[in-house]
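Note that the coordinates shown come from a computational prediction; the quantities given were computed from them, not determined experimentally. Along the sequence shown, the residues carry numbers beginning at 1. Because only heavy atoms are used, hydrogens play no part in the values below, and waters and symmetry mates are left out as well, while side chains stay in. Whatever order the structure lists them in is the order used to number ligands and atoms, beginning at 1.
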Amino acid sequence: MRLLIMGAPGAGKGTQATALAERYGVPAISTGDIFRHHIRNQTPLGIKVKALIDAGEYVPDDVTEEIVASRLAEDDCAGGFLLDGFPRTMHQVHFLDRYLADRGQSLDAVVSLHVEPDALVERLLTRAALEGRADDNADTIRRRMEVYAGQTAPLIFHYESKGLLVDVEGTGSVEDVRERMFDMVDAHVRER
Ligand code: AMP
């Protein structure tokens with residue numbers, strides 16, 4: 001199973017990504033987590049991307065794509081993977097399409113988690129307080145949501161036109177959303 005999960009900041013993407021990856025026995029790969037790991041460890045990459053991430057801006061495509069390519073080349077991705085937070089731009093979409101095509105592979109489903117903007121801001125402020133994430137303050141949240149909205153629409157359209165999109169309503173309890181998502185992904189994969 002080769003899966004993507006997309007969703008605005010605060011849509012519960014990380015939590016549902018973990019659940020989805022476990023269900024299908026594939027590694028969950030979060031580019032945000034990889035970047036945060038590098039920042040914590042003050043690697044050259046971490047030092048390079050910290051200011052951008054703290055400001056709610058995207059890391060450049062070439063940097064992000066290189067990280068993903070080397071992660072997908074690891075042994076645990078041979079049987080599939082779930083990408084969380086990648087691709088986020090059309091450049092990254094085309095990169096991934098090419099990367100997979102070169103290996104005779106393709107995606108099975110692209111899950112899009114949908115939550116109303118007001119509910120998102122509320123969730124993000126709660127998370128900022130709980131986790132102390134430096135990139136979760138009101139200004140950064142607003143900036144990240146603008147960036148997300150502006151850049152994601154064409155991605156959704158691309159995957160929809162390829163018949164890969166599984167649009168999941170992300171409002172409700174974590175358990176409800178998870179069951180809804182499992183049912184929809186299972187049905188999608190069965191129909192393919
Ligand atoms: P996330 O945890 O997925 O919300 O990612 C946190 C931050 O990491 C984002 O706000 C971006 O600054 C950066 N980031 C993560 N994934 C990507 C990506 N695919 N392209 C560019 N920047 C990314």
Side-chain angles (χ1 to χ4, degrees), residues 2-21 27-73 77 81-100 107 110-115 117 119-156 158-159 164 168 170 174:
R2 295 185 185 85
L3 305 166
L4 307 185
I5 187 164
M6 307 201 299
K13 181 167 62 76
T15 307
Q16 301 300 350
T18 306
L20 197 57
I29 300 166
S30 154
T31 42
D33 281 352
I34 294 173
F35 289 137
R36 280 186 288 276
H37 176 85
H38 281 275
I39 290 171
R40 254 195 322 275
N41 291 290
Q42 300 190 349
T43 67
L45 174 72
I47 290 163
K48 188 165 157 184
V49 302
K50 182 179 184 335
L52 285 174
I53 291 185
D54 284 352
E57 303 289 344
Y58 281 176
V59 173
D61 286 331
D62 58 338
V63 176
T64 307
E65 289 161 5
E66 197 181 314
I67 294 289
V68 170
S70 61
R71 182 63 187 86
L72 292 184
C77 293
F81 54 78
L82 169 69
L83 280 169
D84 163 7
F86 182 95
R88 266 186 164 90
T89 65
M90 280 313 288
H91 195 278
Q92 294 176 11
V93 166
H94 294 312
F95 167 84
L96 183 63
D97 281 350
R98 234 181 359 256
Y99 180 94
L100 294 174
L107 293 170
V110 176
V111 175
S112 172
L113 278 180
H114 219 77
V115 179
L120 285 180
V121 174
E122 201 172 304
R123 282 194 195 180
L124 284 171
L125 289 172
T126 305
R127 186 174 78 182
L130 291 174
E131 295 180 5
R133 274 178 55 157
D135 62 342
D136 272 355
N137 61 64
D139 285 345
T140 307
I141 287 169
R142 223 165 288 127
R143 178 71 192 139
R144 282 163 67 207
M145 285 175 64
E146 279 170 19
V147 171
Y148 182 82
Q151 300 214 284
T152 311
L155 276 62
I156 301 265
H158 174 84
Y159 289 123
L164 288 170
V168 178
V174 169

Query raised in the report: What about D84: any of its N or O atoms under 3.5 Å from an N or O on ligand 1?
Result: no
Query - Straight-line distance of K48 NZ to H38 NE2, nearest 0.5 Å - result: 11.5 Å
Show which side-chain atoms of residues 27-34 pair as donor or acceptor with protein atoms under 3.5 Å away, not counting sequence neighbours.
from : atom 1 : to  : atom 2 : distance (Å)
S30  : OG     : G32 : N      : 3.4
S30  : OG     : D33 : N      : 2.9
T31  : OG1    : G85 : O      : 3.2
D33  : OD1    : R36 : NH2    : 2.9

Query - Distance-only N or O hit between ligand 1 and D33, under 3.5 Å - result: no
Query raised in the report: Going by heavy atoms in the side chains, are L82 and I5 under 4.5 Å from each other?
Result: yes
Query raised in the report: What distance separates D97 CG from M90 CE, expressed to the nearest 0.5 Å?
Result: 8.0 Å
Query raised in the report: Which ligand 1 atoms, with their elements, are less than 4.0 angstrom from a heavy-atom of Q92?
Result: 18 (C), 19 (N), 20 (N), 21 (C)
Report summary line: What one should report as the nearest heavy-atom pair of L107 and L164 is O-CD2, 3.5 Å
Report task. Would you kindly specify which portion of T64 sits under 4.0 Å from ligand 1, judged on non-hydrogen atoms: side chain, backbone, both or neither? Result -> side chain
List, one per line, each side-chain donor-acceptor pair under 3.5 Å for residues 8-18, sequence neighbours excluded.
from : atom 1 : to   : atom 2 : distance (Å)
K13  : NZ     : D84  : OD1    : 2.7
Q16  : NE2    : V174 : O      : 3.1
T18  : OG1    : G14  : O      : 3.0

Query - Sub-4.0 Å heavy-atom contact, L52 with ligand 1 - result: no
Requested in this report: Can you see which heavy atom on Y99 is nearest to which on A73, and at what distance?
Outcome: OH-N, 3.7 Å
Query raised in the report: Under 4.0 Å from any heavy atom of T31, which atoms of ligand 1 are there?
Result: 15 (C), 16 (N), 17 (C), 19 (N)
Query raised in the report: Which atoms from ligand 1 have a heavy atom of K13 less than 4.0 Å away?
Result: 3 (O)
Report task. Measure the spacing between CZ of R88 and CG of D61 and express it to the nearest 0.5 Å. Result -> 11.5 Å
Query raised in the report: For ligand 1, is there an N or O atom under 3.5 Å from any N or O atom of E57?
Result: yes
Query raised in the report: Taking distance alone, with no angle check, do I53 and ligand 1 share an N/O pair under 3.5 Å?
Result: no
Report summary line: For F35, the atoms of ligand 1 under 4.0 Å from one of its heavy atoms are 8 (O), 13 (C), 14 (N), 15 (C), 23 (C)
Query raised in the report: Under a 4.0 Å heavy-atom limit, does Y58 contact ligand 1 with its side chain, its backbone, both, or neither?
Result: both
